[in-house]
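Hydrogens, waters and symmetry mates play no part in the numbers below; they use all other heavy atoms, side chains included.
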Amino acid sequence: MAILKVARMGHPVLRAVAKPIPPSEIASSRIQRLIEDMFETMTEYSGIGLAGPQVHESLRIFVAGVREADLTPEIGDDRDMPFMAVINPEITAIGTATDEDWEGCLSIPDIRGRVIRPAAVQISAYDAGGRRMKLTATGLPARVVQHETDHLDGVLFFDRMKSFESLTFMDEFRRHWTKHEDEQ
Ligand SMILES: [Zn+2]
């Protein structure tokens, strides 16, 4: 396993449209190692999602998940998400309801901003074992899945913001916008 270098905003790989992974290659040692390395990299940098282009692999894959023990005031204490590798995802919104909440990105360090997204989505994809999967997500997982799938199309969360008024550095976010300042 290895911790991979994370591409930061400005690197062209973050603006490219990533290529699908042929399902027959998901079991290959290259893709299996990439999945392991992406989980390790996401954990190392305390992320809750990480997409292929963020580690300089222009492939349609992301990993996501958060352990209950790792929940922080910045993420919130009422949300958890199973660990999953998602390959060649296709996402459709369920209904017309939207949610607005904070987002951050390992490729845009130390900045948070509020983004409006569909509140519920259906995801059709392949899992790490090369099996077709379909799942529905709401709340934090729905937001993460949409944020990560955007990465596969060269879209960053800034692009989804209706206004930049909420853009906040992490220090100021912790000081003014978290619910649990006393636990910092
Ligand atoms: Zn991101």
Side-chain angles (χ1 to χ4, degrees), residues 3-11 13-15 37-55 61-86 89 91 93-123 135-184:
I3 293 163
L4 304 171
K5 191 171 180 219
V6 176
R8 304 208 311 175
M9 184 167 60
H11 194 297
V13 72
L14 293 172
R15 291 306 193 176
D37 290 348
M38 286 175 71
F39 273 122
E40 192 178 7
T41 304
M42 181 177 81
T43 303
E44 172 71 14
Y45 294 109
S46 304
I48 57 175
L50 183 70
Q54 291 185 278
V55 291
I61 179 171
F62 69 81
V63 296
V66 61
R67 275 184 210 91
E68 204 175 342
D70 293 338
L71 286 171
T72 65
E74 290 91 63
I75 296 170
D77 53 9
D78 55 346
R79 319 188 256 189
D80 60 359
M81 180 169 44
F83 280 78
M84 55 187 172
V86 179
I91 289 188
I94 300 171
T96 54
T98 56
D99 258 348
E100 182 180 346
D101 211 341
W102 294 99
E103 292 191 22
C105 183
L106 293 179
S107 296
I108 311 174
D110 298 326
I111 289 184
R112 290 288 158 94
R114 292 182 72 83
V115 184
I116 298 170
R117 294 191 186 269
V121 291
Q122 181 168 66
I123 304 119
L135 55 103
T136 58
T138 59
L140 180 68
R143 179 166 297 278
V144 170
V145 157
Q146 292 175 81
H147 176 118
E148 299 310 328
T149 301
D150 271 353
H151 274 302
L152 310 183
D153 293 319
V155 173
L156 299 175
F157 83 82
F158 279 17
D159 306 335
R160 298 287 189 196
M161 293 179 72
K162 294 277 179 269
S163 146
F164 294 133
E165 217 172 309
S166 65
L167 277 182
T168 304
F169 288 108
M170 274 313 290
D171 279 352
E172 283 69 19
F173 178 78
R174 292 195 185 100
R175 203 171 304 149
H176 302 291
W177 299 102
T178 58
K179 288 177 280 184
H180 309 287
E181 291 100 320
D182 52 341
E183 289 173 15
Q184 285 295 311

Point-to-point distance, once rounded to the nearest 0.5 Å, from [atom1] of [X] to [atom2] of [Y]:
X    : Y    : atom1 : atom2 : answer
I123 : T136 : CD1   : OG1   : 7.5 Å
F39  : E44  : CZ    : CD    : 15.5 Å
T178 : M170 : OG1   : CE    : 8.5 Å
R114 : F164 : CZ    : CZ    : 15.5 Å
S107 : H151 : OG    : NE2   : 5.0 Å
T138 : I94  : OG1   : CD1   : 8.5 Å

**Message:** Apply side chain to side chain contact (heavy atoms under 4.5 Å, CB included) to residues Q54 and M38 and explain how you reach the verdict.
**Reply:** CA-CA 9 Å; Q54 291 185 278; M38 286 175 71; over 6 Å; no
Determine the minimum heavy-atom distance between [X] and [Y], stating which atoms define it.
X    : Y    : value
G113 : F157 : N-CE1, 3.8 Å
V13  : A7   : CG1-CB, 3.8 Å
G49  : V144 : CA-CG1, 4.3 Å
A119 : A142 : O-CB, 3.7 Å
L152 : A51  : CD2-CB, 4.0 Å
Y45  : L4   : CE1-O, 4.1 Å

**Prompt:** Stepwise, does the side chain to side chain contact (heavy atoms under 4.5 Å, CB included) test hold for L167 with M161?
**Reply:** CA-CA 9 Å; L167 277 182; M161 293 179 72; 3.8 Å; yes
**Request:** Taking the side chain as every heavy atom from C-beta outward, state whether D99 and R117 have any pair of such atoms under 4.5 Å apart.
**Result:** no
**Request:** Check step by step if side chain to side chain contact (heavy atoms under 4.5 Å, CB included) holds for T41 and L106.
**Result:** CA-CA 10 Å; T41 304; L106 293 179; 5.9 Å; no
**Item:** V145 vs F62, side chain to side chain contact (heavy atoms under 4.5 Å, CB included): CA-CA, chis, key distance, verdict
**Value:** CA-CA 9 Å; V145 157; F62 69 81; 4.1 Å; yes
**Item:** Reference residue E103; test side chain to side chain donor-acceptor pair (under 3.5 Å); the match among Q146, R112, R143
**Value:** R143
**Asked** Only one of V63, V66, D37 forms a side chain to side chain contact (heavy atoms under 4.5 Å, CB included) with M42, so which one is it?
**Response**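 Going through V63, V66, D37 one by one, the side chain to side chain contact (heavy atoms under 4.5 Å, CB included) with M42 is satisfied by V63 alone.
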**Asked** Going by the side-chain hydrogen bond (donor to acceptor under 3.5 Å, both in side chains) test, which pairs reach into residues 155-171, not counting sequence neighbours?
**Response** R15-D159, D150-R160
